[in-house]
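What follows is one structure encoded as structure tokens, with my remarks underneath.
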Amino acid sequence: MAAAFENELDNDDYYSLLNVRREATQEELKASYRRLCMLYHPDKHRDPELKRQAEQLFNQVHQAYEVLSDPQSRAIYDIFGKKGLEVEGWEVVERKRTPAEIREEYERLQRERDERRLQQRTNPKGTISVGVDATDLFDRYEEDYEDVPGGGFPHVEINRMHISQSIEAPLTTTDTAVLSGSLSTHNGNGGGNINLCLRRVTSARGWGELEFGAGDIRGPLFGMKVFRNVTARCFVTAQCGLQFSSRGVRPSATTMMARHLDQNTMGYLQWRWGSQSAMTTSIVRDTKTSHFTLALQLGVPHSYLMMSYQYKFQDDDQTKIKGSVKTGFFGTVVEYGAERKISRHSVLAATVSIGVPQGVSLKIRLNRASQTYLFPIHLTEQILPSAVFYATVGPLVVYLAVQKLIITPYVRAQKEQELEKQRVDSASDIAKKKQEAESAVLLMQESVRRIIEAEESKMGLIILNAWYGKFVTDNSQKHERAKVIDVTVPLQCLVKDSKLILTEASKAGLPGFYDPCVGEEKSLKLLYQFRGVMHQVLSGDTEALRIPKQSHRIDADT
């Protein structure tokens, strides 16, 4: 958030100041520069104070034009920003180089920085799973507890745990070592293992890896895996391994072929040979709003048919609801649940599983960055309506209560505290921007008067009112105060031949504008007249705007 704040505060965007596209040609730059020079030239003002203010703004426009009109300095500005134009920035590259050479030099330096980051990165990943046996809550009979002291209280226990962790150690730009380990315990019995994987990227189309492992349960392990892009739409993987144990050597092999059936659909065909041989085929369709999977497996000991569907809401919290059904020789399982982003790096999910003969279970998952925390809770061995009800409603009620009473107030307080601190730290700079904008508006008055007279004579474009900043339109936000500034004069000054064109950049950088609410979402609202008809439009801060438009017209009844 701090980076976004710094970008908003740095309103010296040369493209926004000149109101040109980032791809603007030399002719477009020159036309905008000449127009602004005529507006801000110091010799046009006799008042000493206005003359001083005009000179300051004229120098800013001149500096922006000098940078963007020179191919070398423009390339450095596009890459490094204003800091790149300082002495330190010029030391990075030679002045005599072409823009293409400057970009190549920057990309080379970027690759070197990436390699240094690669050496320092470990990319830790971990999973902690805690299994809870809560069947005593539902699968108990009153007669069993009559003669037992304290029998009226259900017994809930942790019956299994699993912890796994892995880290990556980049050796070169193509070689990586992955070290992983895990510990498991179930009803008092447990064990662990450790694995070392060496991976090499052989080309842009494939990679291979070797795996070595050892543990107190399975014994030594040796494996090999390769990946290869056959075509642009098809890839294959092959894996084989040898597992050593007291019962002898157990070989295994797995191959999988995947193909893009269309832009959003993948087809998979997998064959696995070993202690659990199987043939699996599946189709996965993933779009912006949904995820669908259909899979069929034939094998020993498990054969099943599985279908799942997930719907993705297009909201800021990335909410998803999902459901699946799986049936086979083992029985039938129906699952449904939801997933939601609760903070910038955390995702919370809950799934209810109902099956025969498994019973009813509740699975809670929390993803925090690269760490995963799992809590599978077994509620009952049978399918009881009460267990299904509490497994469904309980997590939802707890989540809504925690979200409303703890998470939302905490996040809101954190954001307000951070914004307030940033506003205090930048108060002097914001005051300077405001003073510059007010000075620019004073210098525009005479030009705006002439533009309005010319537009009125031909019933052209007249900006009646224009506001820029944060508008409060939601009834739930009535306690908040709108933070807007009047930008009618600056926008009227940009009108030319009955047209107003604003580029895709923050409007805070336009002459006569400043940021009235740093760190908050802003909009531009205009009420204008064209051909004697009233028009109105509300545009986002970084959206391109072109007026007049027929769609902005206000009906007579309105």
Side-chain angles (χ1 to χ4, degrees), residues 118 121 123-127 164-182 193-215 218-244 249-287 291-308 310 324 326 328 367 370 372:
L118 193 65
R121 187 186 64 177
N123 192 24
K125 296 180 181 178
T127 301
S164 63
Q165 187 73 30
S166 68
I167 58 172
E168 294 182 2
L171 306 177
T172 66
T173 55
T174 59
D175 297 329
T176 304
V178 181
L179 181 65
S180 61
S182 66
N193 63 77
I194 187 170
N195 290 69
L196 175 64
C197 176
L198 300 175
R199 182 183 303 149
R200 163 167 285 190
V201 179
T202 55
S203 67
R205 300 181 61 182
W207 50 265
E209 65 181 28
L210 296 175
E211 182 181 6
F212 305 92
R218 296 186 303 175
L221 168 70
F222 172 77
M224 181 175 63
K225 184 177 181 179
V226 294
F227 168 89
R228 181 74 175 177
N229 276 313
V230 181
T231 65
R233 301 181 61 182
C234 179
F235 68 85
V236 296
T237 62
Q239 183 176 4
C240 62
L242 294 175
Q243 180 73 62
F244 299 89
V249 180
R250 293 184 178 181
S252 63
T254 302
T255 61
M256 184 188 70
M257 182 178 70
R259 178 178 176 81
H260 285 275
L261 303 180
D262 60 35
Q263 183 179 1
N264 300 309
T265 308
M266 289 285 294
Y268 298 90
L269 183 62
Q270 184 184 59
W271 173 77
R272 185 172 66 248
W273 173 80
S275 59
Q276 295 185 350
S277 300
M279 177 76 76
T280 306
T281 181
S282 59
I283 297 176
V284 179
R285 179 170 179 80
D286 190 11
T287 65
H291 182 94
F292 174 78
T293 301
L294 178 64
L296 172 65
Q297 175 174 301
L298 300 175
V300 178
H302 296 301
S303 295
Y304 64 83
L305 174 66
M306 189 272 290
M307 181 173 63
S308 70
Q310 182 183 83
S324 69
K326 186 176 181 180
N367 291 97
S370 59
T372 302

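Not a single side chain to side chain contact (heavy atoms under 4.5 Å, CB included) links Ser275 to another residue, sequence neighbours left out. Listed by chain and number, the residues in a side chain to side chain contact (heavy atoms under 4.5 Å, CB included) with Met256 are Phe235, Thr237, Tyr268, Gln270 (sequence neighbours excluded). The side-chain hydrogen bond (donor to acceptor under 3.5 Å, both in side chains) search around Ser308 returns none, not counting sequence neighbours. Every residue two or more places apart in sequence or in another chain that forms a side chain to side chain contact (heavy atoms under 4.5 Å, CB included) with Ile194 is listed here: Leu179. By the side chain to side chain contact (heavy atoms under 4.5 Å, CB included) test, Val226 is found to be paired with Ala238, residues two or more places apart in sequence or in another chain being considered. The ring pair (Phe, Tyr, Trp, His ring centres under 6.0 Å) search around Phe212 returns Phe222, not counting sequence neighbours. For Thr280, the side-chain hydrogen bond (donor to acceptor under 3.5 Å, both in side chains) criterion is met by Gln297, not counting sequence neighbours.
Here the side chains of Ser252 and Gln243 are not in contact, with every heavy-atom distance at 4.5 Å or above.
The list of side chain to side chain donor-acceptor pair (under 3.5 Å) pairs with a residue in residues 194-208, not counting sequence neighbours, reads Asp175-Arg200, Asn195-Glu211, Arg199-Glu209. Sorted by first and then second residue, the salt bridge (Lys or Arg N to Asp or Glu O under 4.0 Å) pairs involving residues 256-276 (not counting sequence neighbours) are Asp262-Arg285. The salt bridge (Lys or Arg N to Asp or Glu O under 4.0 Å) pairs that include a residue from residues 225-236 number zero, where partners must be two or more places apart or lie in different chains.
Under the 3.5 Å distance criterion, with hydrogens and angles disregarded, no donor-acceptor pair is assigned to the side chains of Asn264 and Thr287.
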Determine, stepwise, if the pair Met224 / Gln239 fulfils side chain to side chain contact (heavy atoms under 4.5 Å, CB included). CA-CA 6 Å; Met224 181 175 63; Gln239 183 176 4; over 6 Å; no
Could you give me the CA-CA distance, side-chain angles and deciding distance for Leu296 and Met306, then say whether side chain to side chain contact (heavy atoms under 4.5 Å, CB included) is met? CA-CA 6 Å; Leu296 172 65; Met306 189 272 290; over 6 Å; no
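Atom CH2 of residue Trp271 and atom CE of residue Met279 lie 8.0 Å apart, to the nearest 0.5 angstrom. Note that the CG atom of Leu305 and the CG atom of Leu294 stand 6.0 Å from one another [nearest 0.5 Å]. Within the model, atoms OG of Ser180 and CG of Asn193 stand 7.5 Å from one another, a figure rounded to the nearest 0.5 Å. Note: Cys234 SG to Leu261 CG = 10.0 Å, rounded to the nearest 0.5 Å. Here the CD-OG1 distance, from Glu168 to Thr176, works out to 6.0 Å after rounding to the nearest 0.5 Å. The CG atom of Asn367 lies 8.5 Å from the OG1 atom of Thr127; values are rounded to the nearest 0.5 Å.
With hydrogens and angles disregarded, a donor-acceptor distance shorter than 3.5 Å links the side chain of Ser303 to the backbone of Gly299.
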